[in-house]
Amino acid sequence: MSHHTLPATARDTAGAPPHPAVAVPAHTAPPHTATPHTARPPSASGPPPDDGPSAEAPSADGPLSVWPGSTTPLGHDDLAVGGVPLTEVADRFGTPSYVLDEDEIRRRCRAYLRAFPDTEVYYAAKAFLCRAMVHWVQEEGLGLDVCSAGELELAVTTGFPPERMVLHGNAKSPADLRAALRLGVGRIALDNTSEIARLAAAVPAGGRQKVLIRVVPGIAAGGHAKIRTGTDDQKFGLSIADGSAQHAIARVLSQPRLELVGLHCHLGSQITTVKPYLSAVRRLIGLLARIREQHGSTLPELNLGGGHGVAYRPGEPALDLASLGARIRAELAGGCAAAGLPVPRLAVEPGRAIAGPAGVVLYRVLSVKRTGGHTFVAVDGGMSDNPRPALYGVRYAPRLVGRDAAAATEAVTVVGRHCEAGDVLAADVPLPADVRPGDLLAVPVAGAYQLSMASGYNLVGRPPVVAVTAGHARLLVRRESLADIQERDIGL
């Protein structure tokens, strides 16, 4: 064992106490203490406290540029994240395992509050959610964007204030809407006209629910066709171009139990330039002006969603967060002044940009097969714990950790253990030519849209989530066992 300490326990327990990527400033991690971070209330002015002395940001194309900021090299080609060697995490918790750097999460939350002062910053829970994540986000002063009664209930039972949440979804179930009203969610983003009447009918007599209208501005942006949501040819939102948004706005304004407080827009995911957001601001200001002209109503809020792109491999582009915040606020202020409108309260909804670069996933190599001029390195996970390569063709940068490799690198394809030819985690990536069964592979930028999209394919069980900070590791979400799976199967 190295000098980095892990709490000595005979077995794992599930309890958890209540620089890459979007370009954020790098800082040294704060020391871990029992004192919780002070939450920054949404009304507070000025930037939140810094995380510590400034450190030079890693090279954009350096080998560790897409790893958590706390990552440090150790002997025998091991790496420590949050002061904990990855080999120790694998030995203690097994593989596959997700490792989440708590301080990186907190640092990224604070970076958003600095880049977007006087803005509601909602963490998009769909990227990754567990009770500890809810706790961290609340302590750092962010709101929460949820998409189901399940996400909503988990957050509320963890102590998150429901009035600081936004409920999204293109097809909210009756259970979703009932839970939102029962628990007092702050905003509901209406995505279609049919849920306007359903929601209005469900609001108790004498009550009023604040809502947003999700509009489609007709802007194509995002890293893949399947994650572009700002155009008229996909399932989300109401189009400005065909008048659907305007019709929905008129209907909501006629409902006494609904209070229209603003517009919502989400362009897509993995957007790495500021320009699409500026275009969206201009179109939404135009719609705000028409609403005032036609209905005499001045809406006080504008939610621009998220989709802020991160780098998954060294050298890839990432959205510049400081530039994004400054330019959006300038565009909004200038456009509203020209239209004679008061500047609405701005909101953004980052998910991947907070959770993604804070996560690392660990796998053990099960086999190495050389056939047809290709080398396939099979690991003990795959598309059941990360379907993104199969869905979007995304590419990762796995790394051998825990032993000194004697051989030069060669291009290999890292594949999963599942019964699909498309179960490929990383194609044509450099790994040492002597990679062998039992080796430990670590894949950075694994904190978002992996475990949250995991499936039960081949009944292998979903991996655990381990938090690391200041040389300590603790289990946040335990591994799904065969007993868990069997308990759901109740009859013949």
Side-chain angles (χ1 to χ4, degrees), residues 115-116 118-122 124 145 166 168 170 187 189-193 196 211-223 225 227-253 260-309 319-320 323-350:
F116 287 93
D118 300 316
T119 297
E120 291 288 352
V121 181
Y122 296 95
D145 150 19
V166 179
H168 287 288
N170 72 295
R187 307 284 187 275
L190 298 172
D191 193 274
N192 56 73
T193 54
I196 296 173
V211 299
L212 306 167
I213 293 288
R214 177 164 176 172
V215 302
V216 177
I219 296 170
I227 52 176
R228 294 174 189 153
T229 56
T231 59
D232 292 325
D233 56 354
Q234 45 73 47
K235 70 176 186 176
F236 290 103
L238 293 147
S239 171
I240 295 176
D242 69 5
S244 299
Q246 294 89 321
H247 174 67
I249 289 163
R251 288 191 60 182
V252 171
L253 290 173
L260 182 60
V261 296
L263 302 178
H264 180 277
C265 168
H266 181 69
L267 298 179
S269 296
Q270 276 298 87
I271 301 169
T272 57
T273 63
V274 176
K275 184 178 178 180
Y277 294 100
L278 303 183
S279 298
V281 168
R282 289 190 288 270
R283 296 188 186 186
L284 292 173
I285 289 173
L287 181 55
L288 288 171
R290 289 196 294 275
I291 293 169
R292 185 186 59 178
E293 178 183 347
Q294 295 173 6
H295 303 285
S297 180
T298 301
L299 302 186
E301 298 179 14
L302 181 61
N303 188 322
L304 291 179
H308 309 154
L319 188 58
D320 186 314
S323 175
L324 176 71
R327 294 180 66 185
I328 282 179
R329 288 184 290 113
E331 186 72 34
L332 184 59
C336 287
L341 290 169
V343 178
R345 174 79 168 175
L346 183 64
V348 292
E349 296 171 342

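The structure displayed is predicted, hence computed values, not measured ones.
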Side chains of H264 and E349, donor plus acceptor under 3.5 Å
yes

How many angstroms lie between [atom1] in [X] and [atom2] in [Y], if you round to the nearest 0.5 Å?
X    : Y    : atom1 : atom2 : answer
I291 : I249 : CD1   : CD1   : 3.5 Å
N303 : L346 : CG    : CG    : 8.0 Å
E293 : L288 : CD    : CG    : 13.0 Å
S297 : R292 : OG    : CZ    : 11.0 Å
L332 : L284 : CG    : CG    : 9.5 Å

With side-chain contact (heavy atoms from CB on, under 4.5 Å) as the criterion, how do L278 and R327 come out once you've worked through the C-alpha distance, each side chain's angles and the decisive distance to 0.1 Å?
CA-CA 8 Å; L278 303 183; R327 294 180 66 185; 3.4 Å; yes

Least distance between heavy atoms, I240 atom then P217 atom:
CD1-CA, 4.1 Å

Give me the ring orientation class for H308 and F116: parallel if the planes are under 30° apart, tilted from 30 to 60°, perpendicular past 60°.
parallel

Look only at the side chain of N192 and the backbone of N170, and say whether a donor-acceptor pair between them is shorter than 3.5 Å.
yes

Exam field: side chain T119 to backbone V121, donor-acceptor pair closer than 3.5 Å
no

Which residues pass the side-chain hydrogen bond (donor to acceptor under 3.5 Å, both in side chains) test with Q246, not counting sequence neighbours?
none

Applying ring pair (Phe, Tyr, Trp, His ring centres under 6.0 Å), name anything that partners Y122, two or more places apart in sequence or on another chain.
none

